[in-house]
**Q** 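I have a structure I would like to understand better, so I am pasting it below and will then ask my questions one at a time.
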2 protein chains.
Amino acid sequence: MMDAPATNQPHPLAQDETTAAAPGGREDIVSLMELLFFAYRDFISEPDAMLAELGFGRAHHRILHFVGRHPGLRVSQLLAILRITKQSLGRVLRELVDRGYVQQTEGATDRRQRLLHLTPAGRELLERLEAPQIQRVSAALEQAGPGSRAAFRQVLLALVDENERRRVAALCGLSVDDHRQEGDDAK
Amino acid sequence: MMDAPATNQPHPLAQDETTAAAPGGREDIVSLMELLFFAYRDFISEPDAMLAELGFGRAHHRILHFVGRHPGLRVSQLLAILRITKQSLGRVLRELVDRGYVQQTEGATDRRQRLLHLTPAGRELLERLEAPQIQRVSAALEQAGPGSRAAFRQVLLALVDENERRRVAALCGLSVDDHRQEGDDAK
DNA sequence: TAGAATACGTCAGTCATATTGACATATTTT
DNA sequence: AAAATATGTCAATATGACTGACGTATTCTA
């Protein structure tokens, strides 16, 4: 059920001295890459455990998250954000709709569109899923001291593909009021 | 093949004003969480594409990485690091061994152990896989300015489960010379 | 207004990675 | 000699991704 069977054993390792991190050097960067792996894994672990109890997976969480943050999201936009195929999204979204966490409404001006919203149950589930993550990130920033938040944000944003960076910044930073549409049916 | 079918379309979204980030507030944290998702996804994308061409997946990369960094690693240690089951590791590791990227040698003092090493081909593949990631992280740190490296590292480490933090720090930070062993066969 | 394009859904098949459970084998420890 | 350990393996199952093909409702456009 849990992501981690091993909860309390140490997994100790030798590291030869040539691997020691020279500040700014290659090994230092590789250390950060490893750390990113571990941080992401633990960051994900709590919602994963809750989702498993409901018979859901990470994919359900991602949908709940983005629909929660962008009410009225269209299916095509969600596909573009998640970068998955229509077919992959299909099943997961259907489960969320069938079980009453997500609601689809016809577009007002374009009746082909299925605008996505969370139901009250969906909002509640999302809140439960993300509470531990919000707690974890808040605590980490506090521990790392003032100014770490800005630096962390900057590095993360700079890690994003350059040609995606503006969009991502708009998506999870400043408001960009815009509802344009684009091509579909990846081929 | 690629992780991303959509390469050049914008995926624009409206964000209502109540969602705007108040510095240090809840929405600000949620923004960072989203950013972590996008950053991790792009960070992973290049090796993923290369691996797909070889018929490998992310799991193969993870094994190559940890074996490369910790030559002589035992299978049980790798299981503890990756937190997967023996059975999951089994197939992936076998593929790497069969195709000549990883080599197993008998333990000198305990002949039950299969100590893991990269072959020259394994080292070469790992280098190819991680070159773009090293480049990406280096560039991001440079863009984010001096001091960002330390802050980034601190936040990532603080994101790791508290009871894991020491081990992880030892694993990907300072040298901890130690080859102890522990229980196995998660149950 | 007829046909093209768009938004969405769905059926069918495949793949990679993970899971649990059970068991086999070699080796070391007690 | 028996128990514990380190590893490997068979079988069945689940999730989440993929490609390809097709269907249907709706809107746009020539």
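Residue numbers start from 1 in every chain, and the chains themselves are labelled A, B, ... in the order their sequence lines are given, proteins ahead of strands. Remember, predicted model here, so these are calculated numbers, not experimental data.
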**Q** Verify the neighbour count for atom CD of Glu142(A): are there more than 12 heavy atoms of other residues, nucleotides or ligands below 6.0 Å?
**A** no
**Q** Would you say Arg94(B) places a side-chain N or O within less than 4.0 Å of OP1 or OP2 belonging to dG8(D)?
**A**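 Arg94(B) to dG8(D) OP1/OP2: no side-chain N or O under 4.0 Å.
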**Q** Please produce a list of atom pairs where a protein N or O lies less than 3.5 Å from an N or O of nucleotides 11-13 of chain D.
**A**
none

**Q** Among residues at least two apart in sequence or on other chains, which ones pass ring-ring contact (aromatic ring centres under 6.0 Å, His included) with Phe37(B)?
**A**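 In terms of ring-ring contact (aromatic ring centres under 6.0 Å, His included), with neighbours along the sequence ignored, Phe37(B) is linked to Phe66(A).
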**Q** Tell me whether the side-chain N/O atoms of Ser88(B) come closer than 4.0 Å to OP1 or OP2 in dT17(C).
**A** no
**Q** Can you measure Arg41(B) atom CZ to dA17(D) atom P for me and round it to whole angstrom units?
**A**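 So the CZ-P distance, Arg41(B) to dA17(D), works out to 12 Å.
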**Q** Can you name the residues that form a ring-ring contact (aromatic ring centres under 6.0 Å, His included) with Phe43(A), not counting sequence neighbours?
**A**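 Applying ring-ring contact (aromatic ring centres under 6.0 Å, His included) to Phe43(A) gives none.
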**Q** To the nearest Å, how far apart are Gln77(B) CD and dT7(D) P?
**A**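 It is 8 Å, rounded to the nearest whole Å.
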**Q** Arg114(B) has an atom CZ; how far is it from atom C1' of dT28(C), in whole Å?
**A**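 Answer to the nearest Å: 14 Å.
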**Q** So does Arg62(A) get a side-chain nitrogen or oxygen closer than 4.0 Å to the phosphate oxygens (OP1/OP2) of dA17(D)?
**A**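 Answer is yes, contact under 4.0 Å.
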**Q** Should the pair Arg69(A)-Glu130(A) be classified as a salt bridge under the 4.0 Å nitrogen-to-oxygen rule?
**A** no
**Q** OP1, OP2 of dT19(C) versus side-chain N and O of Thr85(B): anything below 4.0 Å?
**A** yes
**Q** For the side chain of Val75(B), counting heavy atoms from C-beta on, which of dG8(D), dA18(C), dG9(C) is nearest?
**A**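 Taking heavy atoms from C-beta onward, the closest nucleotide is dG8(D).
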**Q** Would you kindly confirm whether Leu115(A) and Leu82(A) end up in one hydrophobic cluster when ILVMFWY residues are joined by side chain heavy atoms under 4.5 Å apart?
**A** no
**Q** From CG of Leu115(B) over to P of dT7(D), roughly how many Å is that when rounded to an integer?
**A**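 In whole Å, dT7(D) P lies 8 Å from Leu115(B) CG.
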**Q** Does dA16(C) have OP1 or OP2 sitting under 4.0 Å from an N or O in the side chain of His60(B)?
**A**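 For dA16(C), OP1/OP2 do not have a side-chain N/O of His60(B) under 4.0 Å.
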**Q** Give Gly90(A) one of three labels, base, sugar-phosphate or nothing, depending on what nucleic acid heavy atoms sit under 4.0 Å from its own.
**A**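 Since no nucleic acid heavy atom lies under 4.0 Å of Gly90(A), the category is nothing.
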**Q** Atom CD of residue position Gln143(B) - does it have more than 12 heavy atoms of other residues, nucleotides or ligands inside 6.0 Å?
**A**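 Yes, CD of Gln143(B) has more than 12 neighbouring heavy atoms, counting only those of other groups under 6.0 Å.
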**Q** Enumerate all atom pairs, one protein N or O and one N or O from nucleotides 27-30 of chain D, separated by less than 3.5 Å.
**A**
residue	atom	partner	partner atom	Å
dT27(D)	OP1	Arg111(A)	N	2.7

**Q** Just grab all the ring-ring contact (aromatic ring centres under 6.0 Å, His included) pairs involving residues 107-143 of chain A, residues at least two apart or on different chains.
**A** none
**Q** Without decimals, in angstroms, what is the distance between Asp98(B) CG and dT9(D) P?
**A**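 To the nearest whole Å, that distance equals 9 Å.
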**Q** Any side-chain N or O of Ser76(B) under 4.0 Å from OP1/OP2 of dT7(D)?
**A** yes
**Q** Which nucleotide in the set dT15(D), dG9(C), dA18(C) lies at the smallest distance from any side-chain heavy atom of Arg91(A)?
**A** dT15(D)
**Q** Rounded to the nearest angstrom, tell me the gap between atom NZ in Lys86(B) and atom P in dC10(D).
**A** 13 Å
**Q** Calculate the interatomic distance between Leu82(A) atom CG and dT15(D) atom C1'; express it in whole Å.
**A** 16 Å
**Q** Which is more 5' along DNA chain D, the nucleotide nearest Leu89(B) or the one nearest Glu106(A)? Just name the residue.
**A**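 Going by which nucleotide is closer to the 5' end, it is Leu89(B).
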**Q** Taking 4.0 angstrom as the limit, do Arg91(A) and Glu95(A) come out as a salt bridge?
**A** yes
**Q** Could you state the CD-P distance from Glu95(B) to dG8(D), rounded to the nearest angstrom?
**A**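 The answer, rounded to whole Å, is 14 Å.
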**Q** What residues form a side chain to side chain contact (heavy atoms under 4.5 Å, CB included) with Arg99(A), not counting sequence neighbours?
**A**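 Result, side chain to side chain contact (heavy atoms under 4.5 Å, CB included) vs Arg99(A): Leu54(A), Phe56(A), Tyr101(A).
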**Q** Give the nucleotide from the list dG8(D), dA18(C), dT7(D) with an atom nearest to the side chain of Gln104(B).
**A**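 So the nucleotide nearest the side chain must be dG8(D).
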**Q** Determine yes or no for a side-chain-to-main-chain donor-acceptor pair under 3.5 angstrom, with Ser148(A) supplying the side chain and Leu141(A) the backbone.
**A**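 Side chain of Ser148(A) to backbone of Leu141(A), a donor-acceptor pair under 3.5 Å: yes, one is there.
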